[in-house]
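In what follows, every heavy atom counts, from backbone to side chain, and hydrogens, waters and symmetry copies are set aside. The first residue in the sequence is number 1, and the count goes up from there.
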Amino acid sequence: MCMSLETLQPRHAAAVGLLALIPLIVYGITDSVFAGGVSMLNTGLIYGSLYLAMSPVETSHGHHGDGSGTLG
């Protein structure tokens, strides 16, 4: 099954960012455990932010005024 980029949902595209954890795990194991952990935390925060930013927005169907831009 071949999927084109136009039909890919933004949240699924953001999940590709989790692939960045693979080299970070290798870096943490082979070089510096602390630096690898901090890097993995940063990558997780970035992924979480992208995931939330690309989530659907709920809209309310209530009354929003008469469009004049004034309150009251």
Side-chain angles (χ1 to χ4, degrees):
M1 180 176 159
C2 182
M3 183 183 289
S4 68
L5 291 177
E6 290 81 20
T7 60
L8 187 63
Q9 293 182 2
R11 291 180 105 182
H12 292 139
V16 174
L18 291 178
L19 293 174
L21 291 176
I22 296 170
L24 291 176
I25 291 170
V26 172
Y27 173 67
I29 291 171
T30 60
D31 195 32
S32 171
V33 175
F34 179 73
V38 170
S39 298
M40 288 187 347
L41 176 67
N42 288 337
T43 303
L45 290 172
I46 291 168
Y47 168 72
S49 299
L50 286 173
Y51 189 81
L52 288 175
M54 294 184 183
S55 63
V57 178
E58 294 183 22
T59 58
S60 62
H61 299 291
H63 181 66
H64 292 290
D66 60 0
S68 65
T70 60
L71 298 175

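- Annotation: the span from Leu41 atom CG to Ile46 atom CD1 amounts to 10.0 Å, rounded to 0.5 Å.
- Atom CG of Leu19 is separated from atom CG of Leu24 by 11.5 Å, given to the nearest 0.5 angstrom.
- Expressed to the nearest 0.5 Å, how far OG of Ser39 lies from CG of Asp31 amounts to 10.0 Å.
- Residue Tyr47 qualifies as enclosed at atom OH: its count of foreign heavy atoms under 6.0 Å is above 12.
- By the criterion of side-chain heavy atoms lying less than 4.5 angstrom apart, applied directly or through intervening Ile, Leu, Val, Met, Phe, Trp or Tyr residues, Leu21 is grouped together with Ile29 in one hydrophobic cluster.
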